[in-house]
Amino acid sequence: MPKGGVQGLISHNDLLARVVADPERWRKTEARKIMRPKVSIGPEDTLEGAARLMVENRVPRLVVEGDGELRGIITIRDIIWRLYMVGEG
């Protein structure tokens, strides 16, 4: 990981949309040219806060950072799954 922590995220959709259409771009495209800006939360933030940030920023995933370090990534799918599991129990 580059010095300074997470700079952004690249999803499979980013790769499909920007690189796969032109296979020659695989060899030449730098990650920074197709990555999305980082939107992050802390480990103590709520699922409601995470979902709100995703909607406000129109992103399907958030970086979870604590003490200046990467702690994980949470996706909209993670939130939906958790809500489903809590609803069942």
Side-chain angles (χ1 to χ4, degrees):
M1 185 164 33
K3 191 172 185 175
V6 176
Q7 305 295 310
L9 295 172
I10 299 173
S11 72
H12 66 283
N13 287 334
D14 296 325
L15 291 173
L16 290 173
R18 296 186 178 103
V19 179
V20 174
D22 181 2
E24 281 299 309
R25 293 176 70 185
W26 279 102
R27 293 183 200 94
K28 299 175 185 175
T29 301
E30 297 173 0
R32 65 185 170 89
K33 291 187 178 182
I34 64 169
M35 71 184 186
R36 294 173 185 236
K38 173 183 76 171
V39 180
S40 62
I41 60 170
E44 301 83 23
D45 290 325
T46 64
L47 292 180
E48 179 182 3
R52 183 177 292 114
L53 266 179
M54 288 178 185
V55 170
E56 289 171 356
N57 291 279
R58 297 181 178 199
V59 295
R61 65 194 53 79
L62 301 171
V63 173
V64 181
E65 294 179 304
D67 299 323
E69 294 184 8
L70 176 66
R71 300 290 184 201
I73 295 174
I74 185 169
T75 68
I76 192 65
R77 184 176 283 173
D78 296 329
I79 293 173
I80 292 169
W81 180 253
R82 180 67 179 159
L83 292 173
Y84 172 77
M85 294 304 290
V86 169
E88 291 289 308

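Computed from heavy atoms alone, side chains included, the values below leave out hydrogens, waters and symmetry copies.
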Tell me, yes or no, whether the heavy-atom count around Glu48 atom CD, taken from other residues, nucleotides or ligands under 6.0 Å, exceeds 12. no
Rounded to the nearest 0.5 Å, what separates atom CZ in Arg36 from atom CZ in Arg61? 7.0 Å
Please report the closest heavy-atom contact between Ser40 and Glu65, naming both atoms and the distance. OG-OE1, 3.3 Å
So which atom in Arg71 and which in Pro43 form the shortest heavy-atom distance, rounded to 0.1 Å? CG-CG, 4.2 Å
Heavy-atom closest pair (Ala50 atom, Leu62 atom, distance to 0.1 Å) is O-CD1, 3.4 Å
Minimal non-hydrogen separation, Met54 against Thr75, with atom names: CE-C, 3.6 Å
When you compare the side chain of Ile74 with that of Leu47, does any pair of heavy atoms fall below 4.5 Å? yes
Between Leu9 and Ile73, is there a side-chain heavy-atom distance shorter than 4.5 Å? yes
Minimum heavy-atom distance Gly42-Val64, with the two atoms named: C-CG1, 4.0 Å
